[in-house]
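All remarks here apply to the structure that follows.
The model shown is predicted, which means the values in this text are computed figures rather than measured ones. Here is the naming used below: chain letters follow the sequence lines, and residue numbers restart at 1 for every chain.
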Amino acid sequence: MRMTRLVSKTLRADPPEAETASHRLLLRAGLIHQVAAGVYAYLPLAWRSLRKIEDIIRQEMDAAGSQELMMPALQPRELWEQTGRAAAMGQVLFSLEDRRGRPMVLAPTHEEVVTGIVRANVQSYRDLPVILYQIQTKFRDEPRPRAGLVRVREFDMKDAYSFNADEESLDDSYQAMAQAYRNIYRRCSLPVLMAEADSGAIGGKDSHEFILSTPTGEDTVITCPACGYTANAEKAEGVYPDAMPDTALDTALDTEPEQPLEEVATPGIKTIAELAEFLNLPTSRTLKAVFYAADGETVFVTLRGDLEVNEVKLKNALHCQELRLATDAEVREAGLVAGSASPIGISNLRQVADPSISQGRNFAVGANRPDVHVQNANYPRDFQVDLLTDIALAQPGHGCPHCNAPLEATRGIEVGHIFKLGTFYSEALGALYLDQEGRQHPIAMGCYGIGVGRLLAAAIEQNHDDRGIVFPAPIAPYQAHLVGLNLTDPDVVAAADALYRELWAQGIETLYDDRPDQAAGVKLNDADLLGLPLRLVVSPRNLRNNAVEVKGRRETEATMVEMDGVAAAIKQALGA
RNA sequence: CGGGGUGUAGCGCAGUGGCUAGCGCGCUUCGUUCGGGACGAAGAGGUCGGAGGUUCGAAUCCUCUCACCCCGACCA
C-alpha cells in the first residue's frame, strides 16, 4: 500500500479526549474514526489488523473442532421474551420496530438464535457434541462507552456455543475452548490471566475471564502469588485478615468473653472510619450497615467494618434482577438512620449478613438513633439475619482461600469470557435430544466470547512506547514499512519503487511511504507511530552504498542490508 | 441514570455585547530545502452544535434542546 493512496492521516498531536494509550494511538495513527459515542469505523489499517486477529481466531476455533456459521443481528424481540432476557438486559438491548410494528432487536449475543438452530437440527445424542461459532457484529446500548475500542456499543465479537449431552461432555468442550483461547492470545502476543469469574444471573457452574493486565483496565483481578489462584474481584473469595493466625489481636478477639451491650454517645459520628477513631478501635471491631434496593425491596446488609460489600455476590445471594444502593428517601422510609444504623432491633426488613460478623466479638455498631452507637454487639446473641452468606469483597492483603498467602490485586481489560450455561436456554427454547435409552434431555450448553476490536485495543494497550504503537507481528496491518527519503531524487524513487514491488512479489506485506514532499522527520515519526514490525529506509545516502537500512520497531539500532538481499533478510527477520 | 466538562475552519485552540470572527497545524500553487515533525510567498476553507428569545446590534446574554468527553453502577 502506498501512503499517498492511504485514506487515513496520522495526527501530529495526541487527541485530547483520549485518555488511555490504545484510544489515543488508534486515533492518532489513523486506525479508527468515531461516528457516535461508542460507534467507530475501522479504517483500512485497523481492518487489516482485525482481519489478522480474526484469522488467528478462526484457525484456533477450527482446530478445536468448532464450525463457523453466520447468524443475523436483526432478530424478533419475541425470541428474547421467551428466555426472559428482554427484561433481564433492559436498556442495553437495542430495540426497534419493523414497518409492520413488529418489535425487533439488534442482537447483543446469540444464545437464543443458536439454540433455535440446534433445536431444529439436533435430535439425537449421536449429533452431539457440537460447537458453533461466528464472528459477527453485536449491539449493546451500553450506559457508558469509553476508552476507544475498549467499550463500545457496536462491536465485532467471536461468539461460540457448545452443545453437549451431559455435564462431563460439556466440560470437555469447555476445556477445549479454554485451550483454544490460550492459543489465540499467545499467538497475538498477549499474556492473559485466566480468572475465575461470576457466571451471572443465568447461573451455570463455571465461568472464566481472560484478562489482560493493564493499569487502565476496567476489571480488578485478585491473584495469589503463592498458589496461582486467580479470580475476578467480583467472584474472588478472601480470608479476612483477622482470621489469619499470626496477629495477637485475633487471638484476643477469639478468646474474649462476650460483654453486655452498652450504649455510647457518638456526636456527629457517621462513618466507620470516624467511629473506629472515636472509640479507638480497629475498623475490624465495628459492624457496617449498608442498605440496598433489590428489585425495589429495601434490604439491610451487615458486614464487618473493615470489609466492603461485593455487589455481585449480594445480587446472586438475593436472586434479584436489579440491585442498587437504596436512596436517601428509601432509607428514611424504612425508618433507618443513616450513619448510625444497626441490625439490632430491625424486624421489618430482610436482613443479609456476611459471615465476617461472627469473626470477632464485641463489635461497635449503630443504635438506630442519631449520635448514638452500641458497643459489644454479638451475633447471634443480639440480632438475627435472614441470610448469612459470603458477600464481602476480597481485597489485596486478604488471605488466599486455597493457601492463605496474601492476595494481590491487578487491573486489567477483559478480552474473553467463557461460561458453562447449563440447560437454561435449551429448556427455555426446547432444545432437547434423545439418549441411548430414548429418554429426552435438554442439551447442556456453553458459550465463549472474544471481542475482536477490544483485543486490538488491548494489544496496543500492552504493546506501545512513547513513540507509538509496537504491533506484534502476527496482527500488524503490514509487516514492513518502506520509507523513501528524498523522493524528489528520481534514482531514489526508482530504487524504492522497485524494492516495493519486489517485497510484495516475495509475499511481504509492505506499506510504502512514497510521499514526495514530507520531511524525513515526519516520515520516521509516522513509521514509529504506526508501529509496523520492520522499517526499511531507502535514501540517497543508503543508495550510494547500494544498501537499505533495516530496523525492527523495538530495536534502537538499524542494520544495513545489501539491496539485492533485502527481501531475503526481511523474510528471515520476520520468521525469527 | 447521577456528577463534572466541552461544542467556533479538516485537527488543536483564542475570541464575555460593537466594524469584514482570528491563531497554530494541516490543505492548494510556486520557489528554496531534504536523515527525526523545514523556509518564503500567494491562496482556499466558517450554518460559531441546533431552535427560540432579549437587543439598534449576539459566537458573546437568557431559555430550551442535541451531541460528545471524563468520573461512578454494567460487559467482549
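Interface residues of residues 50-71 of chain A facing RNA chain B, ordered by number: none; criterion, heavy-atom separation under 4.0 Å. Non-hydrogen atoms lying under 4.0 Å from RNA chain B are contributed by Gly449(A), Gly451(A), Arg454(A), all within residues 447-461 of chain A. Using a 4.0 Å cut-off on heavy atoms, the residues of residues 531-548 of chain A that approach RNA chain B are Arg535(A), Val537(A), Ser539(A), Arg541(A), Asn542(A), listed by number. A heavy atom closer than 4.0 Å to some atom of RNA chain B occurs in Gln34(A), Ala36(A), Ala37(A), these being the qualifying members of residues 32-45 of chain A.
Pairing each heavy atom of Leu106(A) with each of Leu93(A), the nearest pair is O-CD1, 4.2 Å.
Paired with Glu54(A) under the rule salt bridge (Lys or Arg N to Asp or Glu O under 4.0 Å), one option of Arg51(A), Arg58(A), Lys52(A) passes, and it is Arg58(A). Among Leu149(A), Ile413(A), Leu25(A), the single residue meeting the side chain to side chain contact (heavy atoms under 4.5 Å, CB included) criterion with Glu461(A) is Ile413(A). Of the residues listed (Leu536(A), Val538(A), Thr559(A), Val537(A)), the one engaging Glu549(A) in a side chain to side chain contact (heavy atoms under 4.5 Å, CB included) is Val537(A), and it is the only one.
With respect to Glu112(A) and Arg85(A), a salt bridge is recorded, a charged nitrogen being found less than 4.0 Å from a carboxylate O. Looking at Asp514(A) and Arg5(A), no side-chain N of the basic residue comes within less than 4.0 Å of a carboxylate O on the acidic one, giving no salt bridge. Under a 4.0 Å N-O distance rule, the pair Arg553(A)/Asp465(A) qualifies as a salt bridge. Salt bridge Arg28(A)/Asp526(A): absent, no basic N to carboxylate O contact under 4.0 Å.
As rounded to the nearest Å, rU8(B) and rG49(B) have P atoms that lie 6 Å from one another. Rounded to the nearest Å, the gap between the P atom of rG15(B) and that of rA76(B) is 45 Å. Look at the C1' atom in both rC1(B) and rA9(B): the space between them is 36 Å, to the nearest Å. Straight-line distance between the P atoms of rG24(B) and rU54(B): roughly 39 Å, to the nearest whole Å. Taking atom C1' on both nucleotides, rU6(B) is separated from rA59(B) by 15 Å, rounded to a whole Å. Using C1' as the reference atom, rC19(B) and rG52(B) are 27 Å apart when rounded to the nearest Å. Separating the P atom of rA58(B) from that of rC48(B) is a span of 12 Å, rounded to the nearest Å. Comparing rC62(B) with rG7(B), their P atoms are spaced 15 Å from each other, to the whole Å.
A donor-acceptor contact under 3.5 Å is not formed by the side chain of Asn486(A) with the base of rG35(B). In terms of polar N and O atoms assigned as donor or acceptor, the side chain of Gln518(A) never comes within less than 3.5 Å of the base of rG37(B) in a complementary pairing. Taking 3.5 Å as the limit, the base of rG37(B) and the side chain of Arg28(A) contain a donor-acceptor pair of atoms between them.
Going from atom CG of Asp513(A) over to atom C1' of rG36(B) covers 13 Å, rounded to whole Å. One atom, CZ of Arg553(A), and another, C1' of rG36(B), lie 13 Å apart when rounded to the nearest Å. Note: CG (Leu193(A)) to C1' (rA76(B)) measures 17 Å, nearest angstrom. Computed from coordinates, the Arg153(A) CZ to rA76(B) P distance equals 18 Å when rounded to whole Å. Between the NE2 atom of His110(A) and the C1' atom of rA76(B) there is a distance of 14 Å, rounded to whole Å. Atom CD in Gln136(A) sits about 15 Å away from atom P in rA76(B), given to the nearest Å. Residue Arg12(A) contributes atom CZ, which lies 5 Å from atom P of rG26(B) at whole-angstrom precision.
At least one side-chain heavy atom of Leu132(A) sits under 4.5 Å from a side-chain heavy atom of Leu69(A). Counting heavy atoms from C-beta on, the side chains of Ser95(A) and Arg77(A) come closer than 4.5 Å. Considering only heavy atoms from C-beta on, His417(A) stays 4.5 Å or farther from Tyr448(A) through its side chain. Taking 4.5 Å as the limit, every side-chain heavy atom of Arg541(A) sits out of range of all side-chain heavy atoms of Asn486(A). For the pair Met560(A)/Asn542(A), a side-chain contact is recorded, criterion being any heavy-atom separation below 4.5 Å from C-beta on.
Contact annotation for Thr109(A): no contact, since no heavy-atom pair falls under 4.0 Å across all strands. Residue contacts for Asp156(A): at a heavy-atom cut-off of 4.0 Å it reaches no nucleic acid atom on any strand shown. Among the atoms of the strands shown, only primed sugar atoms or phosphate atoms (P, OP1, OP2) are found under 4.0 Å from some heavy atom of Glu17(A). Within 4.0 Å (heavy atoms only), Glu19(A) reaches sugar-phosphate atoms of the nucleic acid but no base atom. In this structure, Asp219(A) reaches the bases: a heavy-atom distance under 4.0 Å links it to at least one base atom across the strands shown. Looking at heavy-atom distances under 4.0 Å, Asp526(A) makes contact with a base.
Closest to the His23(A) side chain, of the nucleotides rA76(B), rC70(B), rC25(B), is rC70(B). Comparing rA76(B), rC13(B), rG37(B) by their nearest atom to the side chain of Arg140(A) picks out rA76(B). Nearest nucleotide to the side chain of Asn525(A), out of rC34(B), rG37(B), rA76(B): rG37(B). Listed nucleotides rG37(B), rG36(B), rA76(B) differ in distance to Val522(A); the shortest reach to its side chain belongs to rG37(B).
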Q) Is there a side chain to side chain donor-acceptor pair (under 3.5 Å) between Thr220(A) and Arg411(A) once you walk through the steps? A) CA-CA 5 Å; Thr220(A) 303; Arg411(A) 300 283 290 176; 3.0 Å; yes
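OP1 or OP2 of rG72(B) lies within a sub-4.0 Å distance of a side-chain N or O belonging to Arg144(A).
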Nucleotide by nucleotide, nucleotides 39-47 of chain B touches protein heavy atoms under 4.0 Å in the pattern (B base, S sugar-phosphate only, - none) ---------
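Ring planes of Tyr40(A) and His23(A): perpendicular class, angle over 60° (limits at 30 and 60°). Ring geometry, Tyr181(A) versus Tyr185(A): the interplanar angle exceeds 60°, so the pair is classed perpendicular (tilted spans 30 to 60°).
Across all strands shown, rA51(B) forms a Watson-Crick or G-U wobble pair with rU63(B), both key distances being under 3.5 Å.
Counted within 6.0 Å of CD on Gln59(A), heavy atoms from surrounding residues, nucleotides or ligands total more than 12; the atom is thus considered enclosed.
Between Phe155(A) and Arg146(A), the residue anchored nearer the 5' end of RNA chain B, judged by the nucleotide with its closest heavy atom, is Arg146(A). Residue Lys551(A) is the one, among Lys551(A) and Gly416(A), whose nearest nucleotide of RNA chain B lies closer to the 5' end (criterion: closest heavy atom).
Side chain to side chain, Glu60(A) and Asn183(A) meet the donor-acceptor criterion of an N or O pair below 3.5 Å.
Shown here are the ring pair (Phe, Tyr, Trp, His ring centres under 6.0 Å) partners of His208(A), two or more places apart in sequence or in another chain: Tyr174(A).
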